[in-house]
Amino acid sequence: MITITPTAAARLSALIAEERDADRLGIKIIATTSGCGSLAYSIAITEAGRLDKSVDVTGIRLFFRDEEKELLNGIVVDFDPVTGRFSLAHSRPPQTGCPLSH
């Protein structure tokens with residue numbers, strides 16, 4: 001489904017461990033549409049929603065809904081320790097037909 005690099009997994013694990021309810025937390029990748037219907041992705045540390053499924057990816061719980069599987073398939077989550085930022089890239093971004101995207 002998605003790939004979480006070892007560096008990103010270590011940072012996410014540390015962030016989750018800081019929370020009192022760490023045993024219930026995981027990540028959710030949120031896809032939003034931007035200009036021309038192209039997709040942008042963000043990440044949230046959260047509890048599972050009522051309709052969410054859960055899968056372990058590199059030791060991190062990933063929460064998702066069945067209808068999100070196709071959008072999430074191919075995403076790579078990485079972390080840059082120099083900048084302190086996560087990056088989310090899609091190895092096969094969905095084609096929107098928009099001349100301004102990709």
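- Between Arg85 and Asp80 there is no salt bridge, since no side-chain N of the basic residue sits under 4.0 Å from a carboxylate O of the acidic one.
- With respect to Glu68 and Lys28, a salt bridge is recorded, a charged nitrogen being found less than 4.0 Å from a carboxylate O.
- A salt bridge is absent between Asp56 and Arg61: the closest approach of a Lys/Arg side-chain nitrogen to an acidic carboxylate oxygen does not fall below 4.0 angstrom.
- Pairing each heavy atom of Ala22 with each of Ala17, the nearest pair is CB-CA, 4.1 Å.
- Here the NZ atom belonging to Lys53 is positioned 7.5 Å from the NZ atom belonging to Lys69, to the nearest 0.5 angstrom.
- Listed for the His90 side chain is no donor-acceptor partner under 3.5 Å among the backbone atoms of Leu72.
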Steps toward side-chain contact (heavy atoms from CB on, under 4.5 Å) verdict (Val77, Ile43): CA-CA 9 Å; Val77 180; Ile43 190 169; 4.1 Å; yes
For side-chain contact (heavy atoms from CB on, under 4.5 Å), just list the numbers for Ile27 and Ile4, CA-CA rounded to whole Å, side-chain angles, deciding distance to a tenth of an Å, and then say yes or no. CA-CA 11 Å; Ile27 65 166; Ile4 301 175; 3.9 Å; yes
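- The closest side-chain donor-acceptor pair between Thr5 and Asp78 falls under 3.5 angstrom.
- In this structure the side chain of Leu62 reaches within 4.5 angstrom of the side chain of Ile2, judged on heavy atoms.
- At a threshold of 4.5 Å between side-chain heavy atoms, the hydrophobic network of Ile, Leu, Val, Met, Phe, Trp and Tyr places Ile29 and Leu15 in one connected group.
- For Asn73, the side-chain contact (heavy atoms from CB on, under 4.5 Å) partners are Arg92, not counting sequence neighbours.
- In the hydrophobic clustering of this structure, Ile16 groups with Val55; members are Ile, Leu, Val, Met, Phe, Trp, Tyr whose side-chain heavy atoms approach within less than 4.5 Å, directly or through other members.
- Residues in residues 54-85 take part in these ring pair (Phe, Tyr, Trp, His ring centres under 6.0 Å) pairs, two or more places apart or across chains: Phe79-Phe86.
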Test side-chain contact (heavy atoms from CB on, under 4.5 Å) on Ile75 and Thr3 and set out the steps. CA-CA 6 Å; Ile75 289 180; Thr3 300; over 6 Å; no
Begin from the C-alpha positions of Ser13 and Ile60 and carry the test side-chain contact (heavy atoms from CB on, under 4.5 Å) through to its verdict. CA-CA 7 Å; Ser13 199; Ile60 303 296; 4.1 Å; yes
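- A heavy-atom distance below 4.5 Å is not found between the side chains of Leu88 and Ser42.
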